[in-house]
Participant: 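Take a look at this one; I'll ask things after.
Order of appearance sets the numbers: ligands from 1, and atoms from 1 within every ligand. No experiment lies behind these values; they were computed from the predicted model shown. Counting from 1, the numbers follow the sequence of the chain as shown.
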Amino acid sequence: MEKAHTVRVGYYQFAPIFGCVSRNLGEVMNFLENIDADLVVLPELPFTGYGFSSREELFSLAEDPDDSGAVSDMVSLCMRRRLHIVTGFAERSGDKCFNSSLLLGPSGICGIYRKLHLFDREKTYFDPGNLPLKVIDIGGVRIGMMICFDWIFPEVARTLALQGADILCHPANLVLTYCQQTMLSRCIENLVYSVTANRTGCERHSFGDLDFTGTSQIVAPGGVIIHRGDSDNTEAYSVEINIDRARNKSITQRNDVLADRRSEYYLR
Ligand code: ACM
């Protein structure tokens, strides 16, 4: 019998403190030193925190990934531990700032995704993503990145699945409660794995309080919850998954969720 194609995936759920970049990075690095995994997903904006009061404040905290102490620390760790990391990142690029996620590995930055669907006040300070959705192969495992509110647009997960994604890596700072259930559908209709790494805790700002919902989860093709964390506590979790399960798209002998699409009848 052929050996199963397995990979150990995990996430870290925690409560970043807004604006305390080195403190938040320290907590993440401490966790990464100790996790037993091949691929780890971190929340959206885990170093800066989430609720910026202005574009100026965002620019003062955002970084160029090619010139970021946080990125070089994580890449060094990836080299030492033979690890890949998907992390949220406030990305400065010239006069633009994106709510991004980075795929990091022993060779450096393997990919950048810039959030396409900005949520609520994010529209007042971030620039909308301007890069196509793209699957990245890391040693035979195909990674698709999406960020938080992208969950409500099924096109995102579908586009990644059509490109062959095995795992949807989904950094999040969720304040609504519908996403986790919806991601089960994304995993049923595309027969992929998903790892949603959501943050916990509360941010108090002059424009209002933000309460984050935790409940990070890892879901298997078919929408089966492998693990779901609780809503409040810091948590590290990892599990071995079989990638071959995401390569078979048949639902019955005569149905394949990707090949059966009738795209000529769909709106663009
Ligand atoms: C969100 O997209 N951070 C809700």
Participant: Give a yes or no on whether a salt bridge exists between R81 and E33, defined as a side-chain N under 4.0 angstrom from a carboxylate O.
Facilitator: no
Participant: Flag the pair Y50 / F212 as yes when their ring centroid distance falls below 6.0 Å, and as no otherwise.
Facilitator: yes
Participant: Under the side chain to side chain donor-acceptor pair (under 3.5 Å) criterion, do S185 and E189 qualify, and how do the steps go?
Facilitator: CA-CA 6 Å; S185 299; E189 66 210 7; 5.4 Å; no
Participant: Should K96 and E91 count as an ion pair when the cut-off is N to O under 4.0 Å?
Facilitator: no
Participant: Please answer: with hydrophobic residues joined when any side-chain heavy atoms are less than 4.5 Å apart, are V219 and V9 in the same cluster?
Facilitator: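 Result: no, two separate clusters.
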Participant: For ligand 1, what are the residues with a heavy-atom contact below 4.0 Å?
Facilitator: E44, Y50, K115, F119, E122, C148, F149, N173
Participant: Is there a side-chain contact between I243 and I167 (heavy atoms, below 4.5 Å)?
Facilitator: yes
